[in-house]
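Written below as structure tokens is the structure these notes are about.
Heavy atoms only: backbone and side chains are in, while hydrogens, waters and symmetry mates are out. Because the structure is a prediction, the values reported are computed rather than measured.
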Amino acid sequence: MELRKSFICHWVFLFVIVFVQVVNGFYLPGSYMHTYSNKDLIYAKVNSLTSIETELPYSYYDLPYCQPDGGIKKSAENLGELLMGDQIDNSPYRFRMNVNETLYLCTTSPLNEHEVKLLKQRTRDLYQVNMILDNLPVMRFTNQNGVKIQWTGFPVGYTPADGGEDYIINHLKFTVLVHEYEGSGVEIVGTGEEGLGVISESDNKKASGYEIVGFQVVPCSIKYDPEVMTKHNRYDTLSPISCPAELDKYQVIKERERISFTYEVEFVKSDIRWPSRWDAYLKMEGSRVHWFSILNSLMVISFLAGIVFVIFLRTVRRDLTRYEELDKETQDQMNEELSGWKLVVGDVFREPDCSKLLCVMVGDGVQILGMAGVTIVFAALGFMSPASRGMLLTGMIILYLILGIAAGYVSVRVWRTIKGTTEGWRSISWLAACFYPGIAFIILTVLNFILWSSNSTGAIPISLYFELFFLWFCISVPLTLIGGFMGTKAQPIEYPVRTNQIPREIPARKYPSWLLVLGAGTLPFGTLFIELFFILSSIWLGRFYYVFGFLLVVLLLLIIVCAEVSVVLTYMHLCVEDWRWWWKAFFASGSVALYVFLYSINYLVFDLQSLSGPVSATLYLGYSLLMAIAIMLSTGTIGFLMSFYFVHYLFSSVKID
């Protein structure tokens, strides 16, 4: 007993240490505020270059940009940022609070062939520079057909419509929106990159100052005379610069050219308050259509689900009532003459094929569903906003690790119910701990080799691979084994009827039963396909996804519809004397994953037309497949557990000798 206690304490201590390390760098949006005084120095940071055409992120300093004094220093990144390919570095762009100025940055050495080729390629692939100031991404505005469109980041360069020369963006006109803040005596406690911060009444004078509430840029290409520009030192003040309109005044990208970089900054006072500064980024195009479509979808699916539920209740209730009102002799005669679910009473709980795999998939489904549910709830409460880069993915990984205990418990409990014994529970727990993570590892490894071959920052570093292995085998696997052990000690689920030794023959059907099972996935898919469009857009088109409240409603509705569809399909199969309902109940709702994957392909073809090259398409399909498998496991688990409860209740309600 003492040895067991010591073992448990050891793992708890190890988990706490790793948990603290993983969450290091978390940022609780809306709680940490940095105020600046006049002429305070503020340095911008740069993230990886990104493009919606390739989806391959690259380091900012792969291109011949000006480097900061003191060398390149990486910012602390959490697990989610690393997995998403973010690489946040310091930059030489320096601002002084409330000082409007135009500054010289640097002039490059003559461009060589490799640098020209790289700049042209990044320009033509529409790569964007992602700059950050006080945790705000830089934003720019463009006019297309009279419509004002906002983007995050600015392009590496510009290629005219005629496809001639390529021009580099080498002058940036920044506008920094600031809000004057005065200390109010109210304590503000927050966590940020600088750590824990408390502003109390005694710090009011210190807290007063200016908050950065907006960061905008107008990019320009300007041809400078390098002989004149090299006479300047970094941060020398220049006279105001106007962006030229003629192409011959742009800085062309070609060999032996020396490129001079300059920038100007203007500070503008704004009425936007610090808690509202992210609102500008969350104004997605077509938001009204988004809200209307979600609401419309919810109403339609709720109506259809209500009809199915009412019809089903009336049918089963009438069937049960008629059966129970008959005397025993009439029941025996009815069993001999009538067909239906009553005839499979001796086979309905017969062990299914591949029962071990079913138990493992159900356990992993519970783990994924729990992770998704808790994550969406926290996100809906505002704990995982876009202000905290990588926090959403990091939180999902941590929750998945912790919920390994649920996967082990459910897997072993279902195994024990099917087999009637706890023998083999360790292998079930191990499989539950390794099934979906193993699939994810294989897919991510293949994709990672592709990213490595492309020298992309999206590739997972070897050190991070070891960290993920450590989290997997030192936290997830032990917790899953603990959950499996708890499953062996739980009260067993007893079948209400005995199983015959000889299986009953299943009558021939005019059409395959799996056809009906696959068709059943269309109803759950109808609850989420609109939301799926916005989620895919946020992932692949760089848009911010923020309507987690609606996503939570959609998740709840999806659970209800999956449960209803699976139960209805199970009842239909039992009515035609098909007692092999276990896997069909799982895939009746789990088949929604097939439609999700097909929709992802449709999105690739029709909405990601700019995505170029087999590498980008392979990455997209690989991540889509990983998402579809997770959806299959979680939705299939909902259908199976609800169908099992229904079958158990149905045959417990009938008196059968």
Side-chain angles (χ1 to χ4, degrees), residues 347-371 400 403-443 472 476-477 479-481 483-488 490 492-493 495 499 503 506 512-514 517-518 520-521 562 566 569-570 573 578-594 596-597 625-645 647-648:
D347 299 274
V348 70
F349 291 109
R350 188 176 301 280
E351 181 181 343
D353 297 332
C354 304
S355 56
K356 181 176 286 190
L357 179 61
L358 178 64
C359 296
V360 169
M361 291 174 72
V362 169
D364 279 11
V366 168
Q367 188 176 11
I368 294 170
L369 184 65
M371 173 199 70
Y400 185 84
L403 289 170
I405 197 166
Y409 177 83
V410 173
S411 297
V412 172
R413 189 101 191 264
V414 175
W415 171 257
R416 188 183 180 192
T417 300
I418 293 175
K419 289 289 188 179
T421 177
T422 59
E423 187 177 350
W425 71 270
R426 289 182 181 86
S427 65
I428 293 292
S429 300
W430 268 101
L431 286 172
C434 298
F435 181 72
Y436 182 72
I439 294 173
F441 174 76
I442 292 171
I443 294 175
W472 182 6
S476 182
V477 171
L479 285 176
T480 308
L481 289 170
F485 177 76
M486 293 169 61
T488 63
I493 301 173
Y495 291 147
T499 301
I506 299 173
S513 59
W514 285 102
V517 170
L518 291 176
C562 284
S566 186
L569 262 291
T570 300
H573 283 101
D578 187 352
W579 45 267
R580 295 175 302 187
W581 60 271
W582 302 78
W583 280 107
K584 291 169 185 174
F586 185 92
F587 284 112
S589 53
S591 61
V592 66
L594 173 64
V596 168
F597 188 69
L625 178 61
L626 193 61
M627 178 180 68
I629 293 173
I631 291 174
M632 179 198 69
L633 292 173
S634 54
T635 55
T637 296
I638 296 167
F640 171 79
L641 293 178
M642 193 63 195
S643 292
F644 181 84
Y645 173 78
V647 172
H648 192 280

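- For the atom pair CD1 (I631) and CZ (F597), the distance works out to 11.5 Å, reported to the nearest 0.5 Å.
- In this structure, the side chains of T637 and L369 stay at 4.5 Å or more apart for every pair of heavy atoms.
- Proximity of K419 to S355: side-chain heavy atoms (C-beta onward) are separated by under 4.5 Å at one or more points.
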Review point. Step by step, would you call V362 with L641 a side-chain contact (heavy atoms from CB on, under 4.5 Å)?
Key: CA-CA 8 Å; V362 169; L641 293 178; 4.1 Å; yes
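- For an aromatic pair to be called close, the ring centres must be under 6.0 Å apart, and F587 with W583 satisfies this.
- Rounded to the nearest 0.5 angstrom, S634 OG and Y436 OH are separated by 9.0 Å.
- S589 places no side-chain N or O within donor-acceptor distance of the main-chain N or O of S566, the cut-off being under 3.5 Å.
- Atom CD1 of I428 is separated from atom OG1 of T488 by 12.5 Å, given to the nearest 0.5 angstrom.
- Classified by interplanar angle (parallel below 30°, tilted 30° to 60°, perpendicular above 60°), the ring pair W472/F441 is tilted.
- Between F435 and L633, the closest side-chain pair of non-hydrogen atoms falls below 4.5 Å.
- Heavy-atom contacts from other residues, nucleotides or ligands closer than 6.0 Å to CZ of R426 number 12 or fewer.
- Taking 4.0 Å as the cut-off between side-chain N and carboxylate O, R580 and D347 do not count as a salt-bridged pair.
- Between F640 and W581, the ring planes lie parallel to each other; the angle is under 30°, not in the 30° to 60° tilted range.
- Between the Y495 side chain and the T417 main chain, a donor and an acceptor come within less than 3.5 Å of each other.
- Between the side chains of T570 and S643, a donor-acceptor pair is found at a separation under 3.5 Å.
- Once rounded to the nearest 0.5 Å, the distance linking CH2 of W425 with SG of C359 reads 14.5 Å.
- Atom CD of E423 is surrounded by 12 or fewer heavy atoms from other residues, nucleotides or ligands within 6.0 Å.
- Below 30°, between 30° and 60°, or above 60°: for F644 and F349 the angle between ring planes is above 60°, a perpendicular geometry.
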